[in-house]
> 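Let me give you the structure first, and then I'll get to my questions.
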Amino acid sequence: MPLPTTEVRDADHVARLGRRLKDGYNELARELALETATACVGFDCRTMVTFSPSAGDPLVLKSLVQQELLRRRILWQGFHNLSFAHSDADVEEALAAYREVLAVLKGAIELGDAARRLLGAPVEPVFRRTSSFDTRPAPVGSRA
């Protein structure tokens, strides 16, 4: 008796979905004339969304997109980390949410009111210098 067939999910599956998500995001940005304001970049399996300072404060723009995606039940922190569990339907759901959210972003950029649209404080940088501490090893023979 043959075993039931199941969909094989491998690295190509993850790359294909990631490429679809990245290309779909960038196409939506082009359709809305936002290609100089935002882009999805990176490896197909792990992409990130960037925001240009020429469009406004990147952290405020990212915060607005994050807020609006959360309203649409998409948990997002600025990147896409796809896995074998994701499906074509998941990518389509994300792109449908992006279609709505990028329209909101466009309006905020055009009116210059992205910060006023936020319900809370914008996100802050994760990595930043907090002191003059130098993590490089001291040269040989020097006092540390």
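The chain is numbered in sequence order, starting from 1.
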> Among L102, N26, L28, which one satisfies side-chain contact (heavy atoms from CB on, under 4.5 Å) with L34?
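Going through the options one by one, the only one that passes is L102.
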> How close do P58 and S52 get, counting heavy atoms only, and between which atoms?
CG-C, 4.4 Å
> Taking all non-hydrogen atoms of both residues into account, name the closest pair between I74 and A94 and its distance.
CD1-CA, 4.2 Å
> Once rounded to the nearest 0.5 Å, what's the spacing between atom CG of L69 and atom OH of Y98?
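Those atoms lie 5.5 Å apart.
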> Are there over 12 heavy-atom neighbours, none belonging to E92, within less than 6.0 Å of that residue's CD?
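Enclosed.
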> Ignoring hydrogens and geometry, is there a side-chain-to-backbone donor-acceptor pair from H13 to H86 under 3.5 Å?
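Yes, H13 side chain to H86 backbone: donor-acceptor pair under 3.5 Å.
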> Testing the basics here: between D113 and G107, what is the closest heavy-atom pair and its distance to 0.1 Å?
OD1-O, 4.2 Å
> Would you mind reporting whether R117 and E68 have side-chain heavy atoms less than 4.5 Å apart?
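No, too far: nothing below the 4.5 Å cut-off.
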> Would a 4.5 Å heavy-atom cut-off, applied to side chains only, mark E93 and R72 as touching?
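Not touching, per the 4.5 Å side-chain cut-off.
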> Are F51 and L105 side-chain neighbours, meaning at least one heavy-atom pair lies under 4.5 Å?
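Side chain of F51 against side chain of L105, heavy atoms only: contact under 4.5 Å found.
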> With side chains defined as the heavy atoms from C-beta onward, is the minimum distance between V49 and K62 less than 4.5 Å?
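No - every pair of side-chain heavy atoms lies 4.5 Å or more apart.
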> Search all heavy atoms of C45 against all heavy atoms of V14 and return the closest pair with its distance.
CB-CG1, 3.7 Å
> Looking only at atom types and distance, does a side-chain atom of K106 sit under 3.5 Å from a main-chain N or O of L32, one as donor and one as acceptor?
yes
> Do R20 and R16 touch side chain to side chain, with heavy atoms closer than 4.5 Å?
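Counting from C-beta outward, R20 and R16 never come under 4.5 Å.
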> Is there a side-chain contact between V101 and R71 in this structure, where contact means two heavy atoms from C-beta onward sitting under 4.5 Å apart?
no
> Going from CG on D90 to CG on L95, what distance comes out if it is rounded to the nearest 0.5 angstrom?
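The CG atom of L95 is 11.0 Å from CG of D90, to the nearest 0.5 Å.
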> At what distance, to the nearest 0.5 angstrom, does OG of S63 lie from CG of L119?
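It is 11.0 Å, given to the nearest 0.5 Å.
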> Roughly how far, to the nearest 0.5 Å, is NZ of K22 from CZ of R46?
13.0 Å
> Are F79 and L61 grouped together when hydrophobic residues (ILVMFWY) are joined by side-chain heavy atoms under 4.5 angstrom apart?
no
> Using the rule that Ile, Leu, Val, Met, Phe, Trp and Tyr join whenever any side-chain heavy atoms are under 4.5 Å apart, tell me whether L59 and W76 fall into a single cluster.
no
> Grouping I, L, V, M, F, W and Y whenever their side-chain heavy atoms are under 4.5 Å apart, do L17 and F84 come out in a common cluster?
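Shared cluster, yes.
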> How about T47 and Y25: does a side-chain donor come under 3.5 Å of a side-chain acceptor?
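Not at all, the side chains of T47 and Y25 share no donor-acceptor pair under 3.5 Å.
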> Look at atom CG of L75 and say whether more than 12 heavy atoms of other residues, nucleotides or ligands are closer to it than 6.0 Å.
no
> Can you establish whether the number of heavy atoms outside F43 located under 6.0 Å from its atom CZ is more than 12?
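Atom CZ in F43 is not crowded, with 12 or fewer foreign heavy atoms closer than 6.0 Å.
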> So do Q66 and Q77 actually touch side chain to side chain, heavy atoms under 4.5 Å?
yes
